[in-house]
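Sequential numbering from 1 along the given sequence is applied to the chain's residues. Both ligands and their constituent atoms are indexed starting at 1 by order of listing. Atom set for the values below is all heavy atoms of this structure, side chains included, hydrogens, waters and symmetry mates excluded.
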Amino acid sequence: MTSGTTNGNATLTITRPDDWHLHLRDDDLMAAVLPWTTRCFARAVIMPNLKPPVTTAAAAAAYYERILDALHPDVDFTPLMTLYLTDAMKPAEIERAKAQGFVVAAKLYPAGATTNSEAGVTDLRRARPLFEALAACGLPLLVHGEVTDPDVDVFDREAVFIERHLRLLLDDVPDLKVVLEHVTTRQAVAFVEQGPPTLAATITAHHLLLNRGAMFQGGLNPHLYCLPVLKREEHRQALVAAATGGSPRFFLGTDSAPHARTAKESGCGCAGIFSAPVAIEVYASVFEQAGALDRLEGFCGRHGPLFYGLPFNRGTLTLERRPFRVPAVVPAGTAGDLVPLAAGSSLDWSLVQPAARLVRED
Ligand code: DOR
Ligand code: ZN
């Protein structure tokens with residue numbers, strides 16, 4: 001990491017970061033959102049909750065090809081694919097996926113927990129052969145850690161998942177690498193900090209930036225509704241402490257999850273925050289406010305590759321302390337308009353975008 005100044009503004013140059021949790025969708029929507037990720041991230045772990053979900057090695061291969069086809073030929077970006085676990089999946093599917101080389105993990109959605117999770121796992125105990133296959137292949141299990149029990153308050157679902165399921169899972173399959181995705185509570189932070197070295201967590205930009213009050217400020221803000229839902233301020237502070245504290249167990253995962261504006265601004269708006277257009281700028285602002293800019297590079301570009309056993313990126317990315325005006329709307333062709341996180345507001349850090357850094361170096 002190097003600091004400097006340009007035109008009197010502070011600059012920060014870090015190893016080009018990765019996004020360890022991203023929803024790219026498909027078709028026109030994918031084409032519209034992909035450049036917002038590739039403008040700064042070198043790799044991203046691509047979530048498999050399409051319709052239908054990516055439940056086979058062949059489907060992961062086809063999706064991988066569609067992403068590569070949607071990339072501008074000069075852009076240096078590697079999609080890291082995932083498999084969507086189901087009750088019906090056989091361990092051999094995991095071995096087939098691993099053998100392809102570009103599948104890096106499998107995603108556990110408790111059935112009904114979130115967007116397009118209906119085909120997810122209904123009983124974690126029955127999925128144990130899949131977890132063992134993952135451990136044997138050295139592939140991490142990425143967990144949407146919320147219970148679906150309707151009797152559990154929506155704000156408690158992550159903390160209850162940890163106590164009811166995650167503890168047992170880690171004990172049952174101790175060799176399995178597990179990423180507790182998009183952690184939102186102080187309980188999750190403490191659990192990860194105290195857990196074995198095989199356990200890590202991603203943290204989103206929006207959960208670092210906002211508490212649950214933001215959803216209701218001046219009225220109901222559907223564009224701030226996501227799952228796990230935003231939590232109280234004490235939890236946000238625990239996330240900031242975890243992200244900025246330097247522990248390699250925590251790394252960047254935006255969970256950028258685009259939905260058309262009409263689907264968000266509806267009688268029953270769907271969950272997901274489209275953060276790709278502002279994510280790196282938000283992370284930089286949060287780290288600066290915590291007095292931890294020197295730890296931004298670890299969180300964005302080092303801890304994830306260390307956990308996944310992948311090399312660090314070779315390129316760099318430069319941020320400048322100059323106001324960044326966030327677009328109010330991002331058009332997405334036939335998929336409609338998207339409203340990004342922090343739409344219309346101004347952030348403290350901007351991306352300096354020398355095209356040469358974002359294209360292939362070899
Ligand atoms: O808010 C969310 N949106 N949380 C998820 O887990 C899924 C995601 C989506 O796919 O829209
Ligand atoms: Zn997600």
Side-chain angles (χ1 to χ4, degrees), residues 18-27 29-30 32-34 36-37 41 44-55 63 79-85 104-121 140-148 154-155 157-158 161 178-185 188 200-210 212 214-215 221-231 239 251-266 268-276 279 304 330 332 335-336 338-341:
D18 303 305
D19 184 350
W20 298 96
H21 185 129
L22 176 68
H23 298 269
L24 269 187
R25 316 299 193 204
D26 223 334
D27 306 314
L29 186 49
M30 173 165 73
V33 301
L34 193 49
W36 292 103
T37 286
F41 295 111
V45 173
I46 311 298
M47 289 299 127
N49 61 333
L50 302 181
K51 274 187 175 167
V54 181
T55 55
Y63 189 26
L80 305 171
M81 307 307 293
T82 59
L83 211 53
Y84 180 119
L85 299 183
V104 301
K107 180 72 190 270
L108 170 66
Y109 288 107
T114 187
T115 309
N116 297 344
S117 64
E118 299 74 20
V121 170
L141 176 71
L142 314 184
V143 179
H144 183 110
E146 289 193 289
V147 292
T148 54
V154 69
F155 291 98
R157 287 184 183 177
E158 180 177 278
F161 181 89
V178 174
V179 183
L180 184 54
E181 297 291 330
H182 40 55
V183 285
T184 62
T185 55
T202 54
I203 306 182
T204 76
H206 45 278
H207 289 106
L208 289 174
L209 186 67
L210 303 168
R212 66 187 191 177
M215 266 189 301
N221 292 290
H223 298 289
L224 299 183
Y225 173 57
C226 62
L227 288 170
V229 71
L230 296 172
K231 302 295 192 301
L239 298 178
F251 41 85
L252 185 159
T254 64
D255 198 13
S256 180
H259 291 277
R261 175 179 206 151
T262 48
K264 297 284 293 172
E265 296 175 6
S266 102
C268 189
C270 44
I273 295 182
F274 178 43
S275 62
V330 172
L338 307 172
V339 177
L341 175 65

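Here H182 fails the criterion, with no N, O or S atom under 2.8 Å of the Zn ion (ligand 2).
Side-chain contact between V45 and H21: absent, with no pair of heavy atoms (C-beta onward) separated by less than 4.5 Å. Under the 4.5 Å side-chain criterion, counting only non-hydrogen atoms from C-beta, R25 is in contact with N49. Counting heavy atoms from C-beta on, the side chains of L24 and V33 come closer than 4.5 Å. With a 4.5 Å cut-off on side-chain heavy atoms, L80 and D18 do not count as touching.
Residues V183 and E158 approach most closely at CA-OE1, 3.6 Å, considering heavy atoms. Of all heavy-atom pairs spanning G112 and T148, the tightest one is C-CG2, 3.8 Å. The shortest non-hydrogen separation linking P53 to A119 is CG-CB, 4.0 Å.
An N or O contact shorter than 3.5 Å links G272 to ligand 1 by distance.
Here the protein heavy atom with the shortest distance to atom 3 (N) of ligand 1 is A271 O, 3.1 Å. Scanning all protein heavy atoms for the shortest distance to atom 5 (C) of ligand 1 gives T114 OG1, 2.9 Å. Atom 1 (O) of ligand 1 has its closest protein heavy atom at L227 N, 2.8 Å. Summary of contacts: the protein heavy atom closest to atom 10 (O) of ligand 1 is N49 ND2, 2.8 Å.
Ring geometry for H182 versus H144: interplanar angle over 60°, hence perpendicular rather than tilted (30 to 60°).
Among heteroatoms of the N, O or S kind in H21, NE2 lies nearest the Zn ion (ligand 2). For the Zn ion (ligand 2), the nearest N, O or S atom contributed by D255 is named OD1.
When each atom of ligand 1 is checked for a heavy atom of C226 under 4.0 Å away, the hits are 1 (O). Heavy-atom contacts of H259 reach the following atoms of ligand 1: 9 (C), 11 (O) (cutoff under 4.0 Å). In the vicinity of H144, heavy-atom distances shorter than 4.0 Å reach the ligand 1 atoms 6 (O). When each atom of ligand 1 is checked for a heavy atom of A257 under 4.0 Å away, the hits are 3 (N), 8 (C), 9 (C), 11 (O).
Of the heavy atoms in R25, only side-chain atoms (C-beta onward) come closer than 4.0 Å to ligand 1.
In this model, a donor atom of one side chain and an acceptor atom of the other lie less than 3.5 Å apart for T184 and K231.
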